[in-house]
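In what follows, a structure is listed as structure tokens, so that the remarks can point back to it.
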Number of protein chains: 2
Amino acid sequence: MRNKVRSAFEVCPIEVGVAVAGGDWKLTIVSKLVAGPLRFGRLQREAGPVSAKTLTRQLRALEDDGILIRTVYPEVPPHVTYELTESGAALAEIAEELGDWSERYIRPVYDREDAG
Amino acid sequence: MRNKVRSAFEVCPIEVGVAVAGGDWKLTIVSKLVAGPLRFGRLQREAGPVSAKTLTRQLRALEDDGILIRTVYPEVPPHVTYELTESGAALAEIAEELGDWSERYIRPVYDREDAG
DNA sequence: CGGTATCCTGTACGATACTG
DNA sequence: CAGTATCGTACAGGATACCG
């Protein structure tokens, strides 16, 4: 994943953004964290049908790239929260725009196919 | 690819956007077309180290989703151009924002790693 | 609760060779 | 020029079982 980002740097900044934020679930995760920190289980339920394995992978990648912060509370049972950094909040705005864009331009395309 | 988009509709609009625009090279392709239509070969050179096979795939997907228009001029040798639709132009703006975001927030992360 | 380990399938993508 | 066909590798991501 990091290697992908590194080679993207030699192409263009947009491709870097795609490498960092383009994975499945990543932008959805970020958007779910705008309202405030969430715990792992809650985040998994809110994000959609994502497996624990994949969610963990994506969260770790987002953490490595400085998009969110993982906090472990030393309790039993375990308690872990995820919250956005400034970088993550900025990314969340782009995620929202992408969502609006797909509602406006993509949904009609597929609705038309379903009708026809 | 279309199946991925269809299932994304059942999750959230952001995930639809990722499914449609999140593939490697797609946003870069779109950004290269903002200045005006380009031919296949030119686009391939401008986009970066993308193979003809992948570029073709991505262009077809973008066409299917109404993001760009492919025009074939019946000449010898063949002449094909790609140009953005309104949808594509709107997506290009988001692509630019993502590029700016990565320059501002991601580059420092990796520069710091390279230094350390 | 918040993961990890293992296995598995599907697909993305590049390289190369070829074509109308 | 603008692709297509074929092959091969890499990795994403789900399912399941298990752990501190």
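Between E113(B) and R6(A) there is a salt bridge, with a side-chain nitrogen of the basic residue lying less than 4.0 Å from a carboxylate oxygen of the acidic one. Between E15(A) and K26(B), no side-chain nitrogen of the basic residue sits less than 4.0 Å from a carboxylate oxygen of the acidic one, so the salt-bridge criterion is not met.
Inter-residue side-chain proximity for L43(A) and L59(A) is flagged as met; some heavy-atom pair is nearer than 4.5 Å. At a threshold of 4.5 Å between non-hydrogen side-chain atoms, the residues D100(B) and P13(A) do not count as touching. Side-chain contact between I29(A) and L55(A) is present, with heavy atoms from C-beta onward closer than 4.5 Å. Inter-residue side-chain proximity for F9(A) and D111(B) is flagged as unmet; no heavy-atom pair is nearer than 4.5 Å.
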Its contact letters, B for base, S for sugar-phosphate only and - for none at protein heavy atoms under 4.0 Å, make nucleotides 14-20 of chain C read BB----B
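Atom C1' of nucleotide dG2(C) and atom CD of E75(A) are separated by 13 Å, given to the nearest angstrom. If you measure from atom CG of L38(A) to atom P of dC1(C), you get 15 Å, rounded to the nearest angstrom. Taking atom CZ on R39(A) and atom C1' on dG3(C), their separation rounds to 13 Å, with Å as the unit. One can place CG of N3(A) at 16 Å from P of dC13(C), the figure rounded to the nearest angstrom. For the pair R45(A) CZ and dG3(C) C1', the computed distance is 15 Å after rounding to whole Å.
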List the atom pairs, donor and acceptor, that lie under 3.5 Å between side-chain atoms in residues 62-75 of chain A and the rest of the protein, sequence neighbours left out.
unit_1	atom_1	unit_2	atom_2	d
D65(A)	OD1	R2(A)	NH2	2.5
D65(A)	OD1	Y110(B)	OH	2.7
R70(A)	NE	Y82(A)	OH	3.3
E75(A)	OE1	H79(A)	ND1	3.4

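Remark on DNA chain C: of its neighbouring residues A52(A) and K4(A), the 5'-side contact belongs to A52(A), judged by nearest-heavy-atom nucleotide.
Nucleic acid contact for R42(B): none, since no nucleic acid atom lies under 4.0 Å from a heavy atom of the residue. Y82(B) comes within contact range of the sugar-phosphate backbone alone, with a heavy-atom separation under 4.0 Å but no base atom that close. Using a 4.0 Å heavy-atom criterion, one finds that R60(A) contacts the sugar-phosphate atoms exclusively.
The salt bridge (Lys or Arg N to Asp or Glu O under 4.0 Å) pairs that include a residue from residues 28-44 of chain A are R42(A)-E46(A), where partners are two or more places apart or lie in different chains.
Boundaries of the chain B contact region on DNA chain D are dC1(D) to dC7(D), first to last in 5' to 3' order (nucleotide atom under 4.0 Å from a heavy atom).
Near DNA chain C, meaning a heavy atom under 4.0 Å from it, residues 10-24 of chain A has no residue at all.
Looking at W101(B), its side chain never comes within 3.5 Å of a backbone N or O of I94(A) through a donor-acceptor pair.
Between V18(B) and G22(A), the closest heavy-atom pair is CG1-O, 3.3 Å.
S51(A) is linked by a side chain to side chain donor-acceptor pair (under 3.5 Å) to T54(A), counting only residues two or more places apart in sequence or in another chain.
Note on Q44(A): every side-chain N or O is 4.0 Å or more away from OP1 and OP2 of dC1(C).
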